[in-house]
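The next block holds one structure in the form of structure tokens; read it before the comments.
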Amino acid sequence: MTGTDVQKEAEDSGPSGYAAARLRLLTEEARSGPPRRAALAELTDDWLTGLFAAGAEGLRGASLVAVGGYGRGELSPRSDLDLLLLHDGSDTKAVGALADRLWYPVWDLGLALDHSVRTPAEARKTAGEDLKVQLGLLDARHIAGDLGLTAGLRTAVLADWRNQAPKRLPELQELCAERAERQGELQYLLEPDLKEARGGLRDATALRAVAASWLADAPREGLADARRRLLDVRDALHLATGRATDRLALQEQDQVAAELGLLDADTLLRQVYEAARLISYASDVTWREVGRVLRSRAVRPRLRAMLGGGKPTAERSPLAEGVVEQDGEVVLARAARPERDPVLPLRAAAAAAQAGLPLSLHAVRRMAATVRPVPTPWPAEAREQLVTLLGSGRPTIEVWEALEAEGLITRLLPDWERVRCRPQRNAVHLWTVDRHLIETAVRASEFTRRVSRPDLLLVAALLHDIGKGWPGDHSVAGEIIAKDVAARIGFDRHDVTVVATLVRHHLLLVETATRRDLEDPATVRSVAEAVGSQGTLELLHALTEADALATGPAAWSSWRGSLVADLVERVSAVLAGDVPDEPEDAAPTAEQERLAIEAVATGSPVLSLRAQTEPPTGQEPSADPEPLGVELLIAVPDQPGVLPAVAGVLAMHRLTVRTAELRSLTLPDGVDGSVLLLDWRVAAEYGSLPQAARLRADLVRALDGTLDIAGRLAERDAAYPRRRGVVAPPPRVSVHPAASRLATVIEVRSQDAPGLLFRIGRALEDASVLVRSAHVSTLGANAVDAFYVTGPEGAPLPGEEAESVARKLEETLRG
């Protein structure tokens, strides 16, 4: 359908003709992207022109103006219509009647409308008071009526904007920063707002406004394509949801990807992230240039007065060979020859990060265009400069992003391409894979004084998740890649092996510490065998903490740190030749013995609650220690059902179990009876801890069968409506026969939920197995719990029986 046909249909059948033509346009598969947005704007122009002509008969000095996104001709399927009815003020009554003839048909069709009626003077005054209005008017486009009136306003608004730029651009930059603080960074969010998040469509519009000021300009290469990509995604989102939304929610991503002809939601997110990253980088460069120009304008008059006129020469301070600082940026020295100096990009980047300064866009682009590849293996200087860059702390991030924006990182490290902008569909992770690797290096730079080989620590931090760009276990794939990369950048065979070992086992310490029995010699020996040496263990300890800290707040705590430190201490002893004996029953503490004797005497459970604030092994106590949780000691006369009873009572009181141990306690001579001791660490989900007396009373009732824990938990769940969200993967229960010689280790991986440990404990009781100890670990929404179980005689379960117990437990958790 041509524009003439559309206009004729709109004139013949009014709003219904426009609605029908609009629907046909939006459902045409052959037309999408910029052509469809332009066609939709043209169709809307034609319809509004007809409305204006019908309502403005005999009226002079009025025009209809599109502003904002509509003014740019970028109408998405559910975009607002941003309209200004401009008039000269000669006939306000007729203008009011015309406004009604324009606005009501738009509302009747259910279209969102942002409208105003103003004279040119009023429009300029409002723009001077409201920056958002002024930004919209910068894209003003004539639709109908008095063209001269519209042209005059456009000319005046642009002149005002350029005259006021020194004052208004800092205001615009502040608005962008506030929005970024509220909405986050588009290039890392799993459910990003395509318009409002940093690197989104609002920022692209802000860059247009900066360019219109003639004060500075954004790097243009790729910017239009990035903006087009985000607009295409928003179009598909509007069509998929039927709503005017800019938030790319998880449940819509597959449908949006299909609408755009993409492979899957991950491919969609990666394209969104790449576009956002380009816009964010362009914004950084542009705002830096704006600041430089404004500072220059403020300083130049004073300098000219002091120097008696003439143009002052910018001061250049040497930073490294071929690298200088000028005007707050790192630039290339006049004598630098990138085409003859392949190490220059790394040297410039290291110098910039060490100085805490940005790399100039011109310098990065010149190096990208002319520099030769670094020889393989790298010369020692190149490797040292990479390590210096990685060890520079927080400034490393901005410098790394500048190199990456111009393709220098993937030239230095080709394997980087597979993890670049790769999303991580795990709420625990704050960053994409590539940004997480840099964040880990930044965190690792804080620990370089704790290890004898900080260079190996920093390179391993950079590479530890490099395998996430390949199928299969990322640690296994990463080990192979790390060997290749470490050899290519010039490490010797021994160092290559250490880096590969760190990448292969970067999850070993935290997983073992939180999911295995550290009293079992088999556990400690297996870690020692995997690590191999004291030096590697030292590096792995630092890498473990750096990785967790770079993941997000849910991945590390003083409690986890204490468990990992305990494991490291035990493994270190084994590597030093101190082989642990088979475990004996640990002698009870005075507190444990007191509780046990009282439990035997009363024939009922006895408990105590005590806050834990001791620092992890090897760490200095802080002035304001972070609680590791609360130690809950419970002594119970030996009887069935203790684990599910305790877990159920804690769930009822909204207490999260961080770690749990259950064992039979040896009583002093002369004291008859058998007592189970539970030594758990718990924390309140929210609010304060319950009183110990209430916990004990409920535990007594749970053990004698008068407290229906399952019913109480079900009632509480029913009182809270289920929220729509991500569908969790099904639970998985597995047996680890080699993890211990003294018990069978059953590991449960499941979505964390109130009462989960209660359900597991009850299922194990029903299977007639005894739980020696339980090691509970919760990371974000995922629970990974390990249970050391035996048969009634205290021996590990036979293989078939262990598998049967695991299958029944998995069926229970799936039900």
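As the structure is a computational prediction, the values presented were derived from the model and not from experiment.
- Counting heavy atoms from C-beta outward, Ile438 and Trp431 have side chains that stay 4.5 Å or more apart.
- When side chains are defined from C-beta on, Arg411 counts as touching Val371, because their heavy atoms get closer than 4.5 Å.
- Considering CD of Glu545 and CZ of Arg560, their distance stands at 12.5 Å, rounded to 0.5 Å.
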Throw together a table of side-chain donor-acceptor distances under 3.5 angstrom for residues 351-366, partners on residues two or more places apart or in other chains.
from, atom 1, to, atom 2, distance (Å)
Gln354, NE2, Ser392, OG, 2.8
Ser360, OG, His362, N, 3.3
Ser360, OG, Ala363, N, 3.0
Arg365, NE, Glu406, OE2, 3.2
Arg366, NH2, Ala336, O, 3.2

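- Checked by atom type and distance alone, the side chain of Thr448 pairs as donor or acceptor with a backbone atom of Ser445 at under 3.5 Å.
- Gln424 has its side chain within reach of Lys468: a pair of non-hydrogen atoms, C-beta onward, lies under 4.5 Å apart.
- Under the 6.0 Å distance and 45° angle rule, Arg162 counts as a cation-pi partner of Trp214.
- Between Ser533 atom OG and Leu540 atom CG the span is 10.0 Å, to the nearest 0.5 Å.
- Here His474 and His464 keep their ring centres 6.0 angstrom or further from each other.
- Side chain of Tyr273 to main chain of Leu189: a donor-acceptor pair is present (N/O by atom type, distance under 3.5 Å, no hydrogens or angles).
- Using a distance-only test at 3.5 Å, with no hydrogens or angles considered, a donor-acceptor pair links the side chain of Asp434 to the main chain of Cys421.
- Although no hydrogens or angles enter the test, the distance criterion places no donor-acceptor pair under 3.5 Å between the side chain of Ser572 and the main chain of Val568.
- Between Val503 and Ala460, the shortest heavy-atom distance links the atoms CG2-O, 4.3 Å.
- Looking at heavy atoms from C-beta onward, Leu172 lies in side-chain contact with Leu135 at the 4.5 angstrom threshold.
- Put simply, the side chain of Arg334 reaches to within 4.5 Å of the side chain of Arg316, judged on heavy atoms.
- For Glu221, the CD atom sits in a loose shell: 12 or fewer heavy atoms of surrounding residues, nucleotides or ligands are nearer than 6.0 Å.
- With respect to Arg435 and Glu439, a salt bridge is recorded, a charged nitrogen being found less than 4.0 Å from a carboxylate O.
- Summarising the geometry of Val433 relative to Pro423, their closest heavy-atom pair is CG2-O, 4.5 Å, with the distance given to 0.1 Å.
- Between Arg488 and Asp415, at least one side-chain nitrogen of the basic residue sits less than 4.0 Å from a carboxylate oxygen of the acidic one, meeting the salt-bridge criterion.
- With hydrogens and angles disregarded, a donor-acceptor distance shorter than 3.5 Å links the side chain of Thr388 to the backbone of Glu384.
- Distance check: Asp547 CG to Leu502 CG gives 11.5 Å after rounding to the nearest 0.5 Å.
- Side-chain atoms of Arg383 come within 3.5 Å of backbone atoms of Ile489 as a donor-acceptor pair (strictly under, hydrogens ignored).
- In this structure, Arg202 does not pair ionically with Asp193, as no charged nitrogen and carboxylate oxygen lie closer than 4.0 Å.
- A 6.0 Å sphere centred on CZ of Arg227 holds more than 12 heavy atoms belonging to other residues, nucleotides or ligands.
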**Study point:** Verdict with supporting geometry, Val564 and Leu567, side-chain contact (heavy atoms from CB on, under 4.5 Å)
**Key:** CA-CA 5 Å; Val564 169; Leu567 173 60; 5.7 Å; no
Point to revise | Pair Val323-Leu344, side-chain contact (heavy atoms from CB on, under 4.5 Å): steps then yes or no | key: CA-CA 8 Å; Val323 184; Leu344 184 58; 4.0 Å; yes
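- No side-chain N or O of Ser283 forms a donor-acceptor pair with one of Ser280 less than 3.5 Å apart.
- Interatomic distance, NZ of Lys195 versus OG1 of Thr205, reported as 8.0 Å (0.5 Å rounding).
- At a threshold of 4.5 Å between non-hydrogen side-chain atoms, the residues Ser317 and Val324 do not count as touching.
- Across all non-hydrogen atoms, the minimal contact from Trp287 to Cys176 is CZ2-SG, 4.3 Å.
- Atom-to-atom distance recorded for Glu185:CD and Leu430:CG is 11.0 Å, nearest 0.5 angstrom.
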Practice item. Show the numbers, then the answer: is there a side-chain contact (heavy atoms from CB on, under 4.5 Å) between Ile279 and Leu186? Key: CA-CA 10 Å; Ile279 294 171; Leu186 177 52; over 6 Å; no
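- Residues Leu248 and Gln253 are in side-chain contact: their nearest non-hydrogen atoms beyond the backbone lie under 4.5 Å apart.
- Using a cutoff of 4.0 Å between basic side-chain nitrogens and carboxylate oxygens, Arg453 and Asp495 are scored as salt-bridged.
- Taking every heavy atom of both residues into account, Ala209 and Leu138 meet most closely at CB-CD1, 3.9 Å.
- Remark: Arg168 is not positioned above the aromatic ring of Trp161, lacking an NZ or CZ atom under 6.0 angstrom from the ring centre and at most 45 degrees off the axis.
- Residues Arg229 and Asp225 are not paired through a salt bridge, judged by the lack of any N-O separation under 4.0 Å between the basic side chain and the carboxylate.
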Review point. Could you walk me through whether Phe491 and Val498 pass the side-chain contact (heavy atoms from CB on, under 4.5 Å) check?
Key: CA-CA 10 Å; Phe491 285 113; Val498 172; over 6 Å; no
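- Around atom CD of Glu181, no more than 12 heavy atoms belonging to other residues, nucleotides or ligands sit under 6.0 Å away.
- Using a distance-only test at 3.5 Å, with no hydrogens or angles considered, a donor-acceptor pair links the side chain of Arg347 to the main chain of Glu321.
- Nearest approach of Asp465 to Val419, heavy atoms of both residues: O-CG1, 4.2 Å.
- Taking the centre and axis of the six-membered ring of Phe447, the NZ or CZ atom of Arg450 falls inside the cone set by 45° and 6.0 Å.
- The structure places CG of Leu413 at 13.5 Å from CZ of Arg420, a figure rounded to the nearest 0.5 Å.
- A donor-acceptor pair shorter than 3.5 Å can be found between the side chains of Ser452 and Glu538.
- Contact of the Leu463 side chain with the Leu437 side chain is not registered, since no non-hydrogen atoms from C-beta on lie closer than 4.5 Å.
- Remark: Glu289 engages Arg292 in a salt bridge, criterion side-chain N to carboxylate O under 4.0 Å.
- Of the possible polar contacts, none joining the Arg418 side chain to the Trp470 backbone as a donor-acceptor pair under 3.5 Å is found.
- Ion pairing between Arg288 and Glu398 holds under the 4.0 Å rule for side-chain N and carboxylate O.
- Across Ala444 and Ala461, no two heavy atoms sit closer than the pair CB-CB, 4.0 Å.
- Ion pairing between Arg179 and Asp203 holds under the 4.0 Å rule for side-chain N and carboxylate O.
- Remark: side-chain polar atoms of Thr396 are paired, donor with acceptor, to backbone N or O of Leu389 under 3.5 angstrom.
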